[in-house]
J.: 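Mind having a look at this structure? Questions to follow.
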Amino acid sequence: MKRFFTLLSVLTIASAFSFSSGIDEIIQALKTGNSSEIAKYFDNTVEITFPEKSNSYSKTQAEVVLRDFFSNNPVKAVEILHTGENAGSQFCVATLVTKNASYRTTIYMKQKGKRQVLQQIMFELSNTGYKKN
């Protein structure tokens, strides 16, 4: 019985670590503007919202859209404002500072089977007093 509880504890800790690693890896990829690393976590369809448009894309289309965004808006910094989880979902709210503007960025992920998948990413122009250098 003691062995069972030890195994259960190890599995619980391991699953908690793997649960948060998806969002952590996306945040790291966001900091470098790496669309292909972010795309590894895309669900079958991904909703991407920009200040001027919003649409649902297939995995392949979403990666191209994100790559184009980062190409036109090189990332300078990312400041995490809040992360959380609720009922199998995770989210992150951050300020993404690019060469051209500052964006309040929100990422939504959901547990599908044994894996976290990114379902939505939103880039909203931020009013953080960003000054273009």
J.: State plainly whether one hydrophobic cluster holds both Ile26 and Val75, where clusters connect Ile, Leu, Val, Met, Phe, Trp and Tyr through side-chain heavy atoms under 4.5 angstrom apart.
T.: yes
J.: With a 4.5 Å cut-off on side-chain heavy-atom distances among I, L, V, M, F, W and Y, is there a chain of contacts connecting Leu66 to Leu125?
T.: yes
J.: Of all heavy-atom pairs between Ala62 and Phe42, which one has the smallest distance, and what is that distance?
T.: CB-CE1, 3.5 Å
J.: Sequence neighbours left out, what passes salt bridge (Lys or Arg N to Asp or Glu O under 4.0 Å) with Glu37? Give chain and number order.
T.: Lys40
J.: Does the side chain of Tyr108 reach to within under 4.5 Å of the side chain of Met122, using non-hydrogen atoms?
T.: yes
J.: Using modelled atom types only, decide if a donor and an acceptor are shared between the side chain of Gln116 and the backbone of Leu118 within a distance under 3.5 Å.
T.: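 Looks like no, no N/O pair under 3.5 Å.
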J.: Taking side-chain contact (heavy atoms from CB on, under 4.5 Å) as the test, write out the residues that go with Thr32, two or more places apart.
T.: Asn34
J.: For residues Tyr103 and Asn73, determine if any side-chain heavy atom of one lies less than 4.5 Å from a side-chain heavy atom of the other.
T.: yes
J.: Partners of Lys59 by salt bridge (Lys or Arg N to Asp or Glu O under 4.0 Å), sequence neighbours excluded?
T.: none
J.: Tell me every residue that passes side-chain hydrogen bond (donor to acceptor under 3.5 Å, both in side chains) with Gln28, counting only those two or more places apart in sequence or in another chain.
T.: none
J.: Apply salt bridge (Lys or Arg N to Asp or Glu O under 4.0 Å) to Arg67 and list each qualifying residue two or more places apart in sequence or on a separate chain.
T.: Glu63
J.: Applying side-chain hydrogen bond (donor to acceptor under 3.5 Å, both in side chains), name anything that partners Gln61, two or more places apart in sequence or on another chain.
T.: Ser58
J.: Atom CG in Asn44, atom CD in Gln119: separation rounded to 0.5 Å?
T.: 9.5 Å
J.: Applying the 4.5 Å side-chain criterion to the ILVMFWY set and letting contacts propagate, would Leu30 and Val117 be lumped into a single cluster?
T.: no
J.: Applying side-chain contact (heavy atoms from CB on, under 4.5 Å) to Ile23 and Ile107, what does each step give before you reach the verdict?
T.: CA-CA 8 Å; Ile23 197 101; Ile107 299 166; 4.2 Å; yes
J.: What distance separates Ile80 CD1 from Thr95 OG1, expressed to the nearest 0.5 Å?
T.: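 Reported value, rounded in 0.5 Å steps: 9.0 Å.
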J.: Could you pull out all donor-acceptor pairs under 3.5 Å where a side-chain atom in residues 48-57 meets a protein atom, sequence neighbours excluded?
T.:
{"from": "Thr49", "atom 1": "OG1", "to": "Ser54", "atom 2": "OG", "distance (Å)": "3.0"}

J.: Count the heavy atoms of every other residue, nucleotide or ligand shown that sit under 6.0 Å from CZ of Phe91, and state whether that count exceeds 12.
T.: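 Enclosed: over 12 neighbouring heavy atoms sit under 6.0 Å from CZ of Phe91.
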J.: To the nearest 0.5 Å, what is the distance between CD (Gln120) and OG1 (Thr45)?
T.: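 Nearest 0.5 Å value for the CD-OG1 distance: 11.0 Å.
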J.: Please identify each residue that fulfils salt bridge (Lys or Arg N to Asp or Glu O under 4.0 Å) with Lys110, with sequence neighbours left out.
T.: none
J.: Starting at OG of Ser126, measure out to CG of Leu81 and round the result to the nearest 0.5 Å.
T.: 8.0 Å
J.: For the CG atom of Leu96 and the CZ atom of Phe69, what is their distance to the nearest 0.5 Å?
T.: 5.5 Å
J.: Residues sharing Val64's hydrophobic cluster, by side-chain heavy-atom contacts under 4.5 Å among ILVMFWY, directly or via others?
T.: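 Result for Val64 is none, singleton.
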J.: Partners of Asn72 by side-chain contact (heavy atoms from CB on, under 4.5 Å), sequence neighbours excluded?
T.: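 Applying side-chain contact (heavy atoms from CB on, under 4.5 Å) to Asn72 gives Asp68.
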J.: So, taking the atom named OG in Ser102 and the one named NZ in Lys76, what distance separates them when rounded to the nearest 0.5 Å?
T.: 10.5 Å
